[in-house]
Amino acid sequence: MIDFHNLRLKRTPNQYLVAPEGFAAATAHRRSPEFPWTAAELARWFRAAAAAEPRVTLVAEAAGGLKFDLVQRSALFRFPDTISVEVIPLAANRSTLAIYSRSRYGHSDFGVNRRRIERWLARLAATR
């Protein structure tokens with residue numbers, strides 16, 4: 001599983017990082033939004049947003065379900081993209097998350113990782 005505090009991004013465009021300011025060692029492509037839910041609720045809602053898409057599989061889980069890795073495979077060639085998520089409690093009913101989506105193979109993903117995470121975050125925003 002990814003340790004966001006020590007994460008260093010590769011020099012390839014086939015990755016996308018969303019995180020709260022100062023949470024990850026690497027500079028995030030986007031700052032993560034805050035949500036009006038407990039960390040456990042946000043983890044459940046995020047998993048539901050991910051599961052709404054085809055070919056998504058949960059492959060690892062830790063920290064009582066607040067850290068997990070997903071894999072989504074491409075439709076044609078079944079190439080795996082790994083998505084690491086860590087849900088971060090902020091207050092009693094507030095939380096945020098760090099997400100690192102990356103392609104396992106190739107140099108460019110043509111923006112697939114960014115579009116995936118933006119789509120999932122939009123689903124969460126619509127759930128509020």
Does one hydrophobic cluster hold both [X] and [Y], with members joined at side-chain heavy-atom distances below 4.5 Å?
{"X": "Tyr105", "Y": "Leu76", "value": "yes"}
{"X": "Val112", "Y": "Ile117", "value": "no"}
{"X": "Leu58", "Y": "Leu124", "value": "yes"}
{"X": "Trp37", "Y": "Ile88", "value": "no"}
{"X": "Leu121", "Y": "Phe4", "value": "no"}

Interatomic spacing from [atom1] in [X] to [atom2] in [Y] - rounded to 0.5 Å:
{"X": "Thr57", "Y": "Arg55", "atom1": "OG1", "atom2": "CZ", "value": "10.0 Å"}
{"X": "Leu9", "Y": "Thr27", "atom1": "CG", "atom2": "OG1", "value": "7.5 Å"}
{"X": "Leu42", "Y": "Glu34", "atom1": "CG", "atom2": "CD", "value": "11.0 Å"}

[X] (side chain) donor-acceptor with [Y] (main chain) under 3.5 angstrom:
{"X": "Arg123", "Y": "Ala49", "value": "yes"}
{"X": "Ser95", "Y": "Ala91", "value": "no"}
{"X": "Thr96", "Y": "Pro33", "value": "yes"}

In a table with atom names and distances, give each donor-acceptor pair under 3.5 Å that connects a side chain of residues 65-75 to protein atoms at least two apart or in another chain.
from: Asp69; atom 1: OD1; to: Ser84; atom 2: OG; distance (Å): 2.7
from: Gln72; atom 1: OE1; to: Arg116; atom 2: NE; distance (Å): 2.6
from: Gln72; atom 1: NE2; to: Glu53; atom 2: OE1; distance (Å): 3.1
from: Gln72; atom 1: NE2; to: Pro54; atom 2: O; distance (Å): 3.0
from: Arg73; atom 1: NH1; to: Arg78; atom 2: O; distance (Å): 2.7
from: Ser74; atom 1: OG; to: Arg78; atom 2: N; distance (Å): 3.1
from: Ser74; atom 1: OG; to: Phe79; atom 2: N; distance (Å): 2.8

Check: Any side-chain heavy atom of Ile99 sitting closer than 4.5 Å to one from Trp120?
Finding: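 No. Closest side-chain heavy atoms not under 4.5 Å.
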Margin query: I want to check something: taking the side chain as every heavy atom from C-beta on, are Arg47 and Glu61 in contact at a cut-off of under 4.5 Å?
Written below: yes
Listing, residues 12-25 side-chain donor-acceptor contacts under 3.5 Å, not counting sequence neighbours, or none:
from: Thr12; atom 1: OG1; to: Asn14; atom 2: OD1; distance (Å): 2.4
from: Asn14; atom 1: ND2; to: Gly106; atom 2: O; distance (Å): 2.9
from: Gln15; atom 1: OE1; to: Lys10; atom 2: N; distance (Å): 3.4
from: Gln15; atom 1: OE1; to: Tyr100; atom 2: OH; distance (Å): 2.7
from: Gln15; atom 1: NE2; to: Lys10; atom 2: O; distance (Å): 2.7
from: Gln15; atom 1: NE2; to: Thr12; atom 2: O; distance (Å): 3.0
from: Tyr16; atom 1: OH; to: Glu118; atom 2: OE2; distance (Å): 2.4

Next item on the list: May I have the step-by-step check of side chain to side chain contact (heavy atoms under 4.5 Å, CB included) for Arg102 and Asp81, ending in yes or no?
Entry: CA-CA 6 Å; Arg102 68 259 185 217; Asp81 288 351; over 6 Å; no
Next item on the list: Check step by step if side chain to side chain contact (heavy atoms under 4.5 Å, CB included) holds for Asn113 and Ser103.
Entry: CA-CA 7 Å; Asn113 285 292; Ser103 301; 3.0 Å; yes
Next item on the list: Using the side-chain hydrogen bond (donor to acceptor under 3.5 Å, both in side chains) rule, take Asn93 and Thr38 through it: C-alpha gap first, then chi angles, then the decisive distance, then the call.
Entry: CA-CA 5 Å; Asn93 288 312; Thr38 66; 5.7 Å; no
